[in-house]
Amino acid sequence: PNADIIYVDPSAGSNTVEFGGSSATYTTLREAVYNTANGSEVKMLGNETFTYFRTGANNENYYNVNPPRPMTINCDGYTLTTNTYSSSKNGIGLTGSEGVEIKNCIIRDIYRPVYAYGSGNGLFNIHNNRFLGNAERVIHFEYSSAGGNNIHHNYFDTSSTYGDVHFTGT
């Protein structure tokens, strides 16, 4: 529907889409992200436990969400987590993305909660989030532009192996 505001309500029994209006509702963050237009906001209405799908040439990466265009993901204080913590499972992937804002999220026990790989100019704004529990690297930029990104007012209470904000090959 390419609405201005996309709502994610994990407790909803089905998707609600209002055509001609300015909103739509989906049951998963992934579904909402892939159905939103440039510059739109995806807003959470409840907690979500991620399920994973494989991506990459050899199906080597797991992502729940990988925004394909500029947008805002606003968790509005709700929690994103997984019941299958293990290596290579990422929360919000920013592979090839630019201009994504992630705010007001509680992200718990995800291997790489925010992972940017080969993300061109980046231009990410990651703020007012709480990262909790286990993580390999909390916010990880790999072969991505480090310039133009704003990472501020986040709270980290993790047992991170390599640090909370990590840059490799940038």
Side-chain angles (χ1 to χ4, degrees), residues 2 6 8 26 28-44 48-76 78-82 84-156 158 160-170:
N2 293 328
I6 303 285
V8 180
Y26 291 92
T28 67
L29 181 59
R30 180 174 185 260
E31 205 177 25
V33 162
Y34 285 100
N35 284 289
T36 192
N38 276 358
S40 293
E41 180 173 11
V42 174
K43 187 169 182 172
M44 299 293 296
E48 181 172 352
T49 300
F50 284 162
T51 54
Y52 287 92
F53 64 97
R54 290 179 172 261
T55 63
N58 299 311
N59 285 328
E60 69 276 13
N61 298 316
Y62 287 90
Y63 290 104
N64 183 59
V65 177
N66 191 43
R69 61 192 65 81
M71 68 181 62
T72 297
I73 297 174
N74 181 358
C75 295
D76 204 23
Y78 288 104
T79 300
L80 302 175
T81 190
T82 178
T84 56
Y85 178 87
S86 67
S87 65
S88 299
K89 292 191 175 178
N90 305 302
I92 300 172
L94 299 173
T95 301
S97 301
E98 291 183 355
V100 175
E101 178 179 18
I102 302 168
K103 66 181 184 178
N104 304 320
C105 296
I106 299 170
I107 302 178
R108 177 185 300 277
D109 293 324
I110 296 177
Y111 184 71
R112 288 186 189 129
V114 178
Y115 180 54
Y117 181 87
S119 295
N121 293 324
L123 306 174
F124 303 120
N125 191 1
I126 303 169
H127 62 100
N128 297 330
N129 300 292
R130 295 175 56 86
F131 297 96
L132 308 172
N134 295 312
E136 185 225 23
R137 294 171 174 101
V138 180
I139 300 173
H140 184 193
F141 292 90
E142 186 172 6
Y143 300 106
S144 296
S145 172
N149 299 309
N150 292 301
I151 302 170
H152 59 94
H153 294 94
N154 294 291
Y155 173 82
F156 299 91
T158 64
S160 174
T161 307
Y162 295 102
D164 294 328
V165 180
H166 192 81
F167 297 90
T168 55
T170 55

>> Show, in sequence, the C-alpha distance, side-chain angles and deciding distance for V165 and V138, and conclude whether the side chain to side chain contact (heavy atoms under 4.5 Å, CB included) test is met.
In response: CA-CA 6 Å; V165 180; V138 180; over 6 Å; no
> Excluding sequence neighbours, so at least two apart, what forms side chain to side chain contact (heavy atoms under 4.5 Å, CB included) with Y155?
Replying inline: R130, L132, D157
>> Closer than 3.5 angstrom, by distance alone: can the side chain of S160 be matched with the main-chain N or O of E136 as a donor-acceptor pair?
In response: yes
> Going from CD1 on I139 to CD1 on I92, what distance comes out if it is rounded to the nearest 0.5 angstrom?
Replying inline: 10.0 Å
> Can you tell me if N154 uses its side chain to pair, donor with acceptor, with the backbone of I126 under 3.5 Å?
Replying inline: yes
> Do side-chain atoms of S97 reach the backbone of P67 as a donor and acceptor pair under 3.5 angstrom?
Replying inline: yes
> Going by heavy atoms in the side chains, are F141 and I151 under 4.5 Å from each other?
Replying inline: yes
> Does any N or O in the side chain of N149 come within less than 3.5 Å of the main-chain N or O of L123, such that one atom is a donor and the other an acceptor?
Replying inline: yes
>> A quick test of your reading: do over 12 heavy atoms of other residues, nucleotides or ligands sit less than 6.0 Å from NE2 of H153?
In response: no
> How about V114 and H140: do any of their side-chain heavy atoms sit closer than 4.5 Å?
Replying inline: no
> Roughly how far, to the nearest 0.5 Å, is the CZ atom of R137 from the OH atom of Y115?
Replying inline: 8.0 Å
> Just how far is it from atom CD1 of I110 to atom CG of L80, taken to the nearest 0.5 Å?
Replying inline: 6.0 Å
> Between F124 and L94, is a side chain to side chain contact (heavy atoms under 4.5 Å, CB included) present by the stated rule, with each step listed?
Replying inline: CA-CA 9 Å; F124 303 120; L94 299 173; 3.7 Å; yes
>> So, taking the atom named CD1 in I73 and the one named CG in N125, what distance separates them when rounded to the nearest 0.5 Å?
In response: 12.5 Å
Check: residues 99-106 side-chain donor-acceptor pairs under 3.5 Å, at least two apart:
residue : atom : partner : partner atom : Å
E101    : OE1  : T72     : OG1          : 3.0
E101    : OE2  : H127    : NE2          : 2.6
N104    : ND2  : N74     : OD1          : 3.1

> What is the minimum heavy-atom distance between T81 and R108, and which atoms define it?
Replying inline: OG1-O, 2.9 Å
>> Can you tell me how the ring of F131 sits relative to the ring of F156, calling it parallel under 30°, perpendicular over 60° and tilted otherwise?
In response: parallel
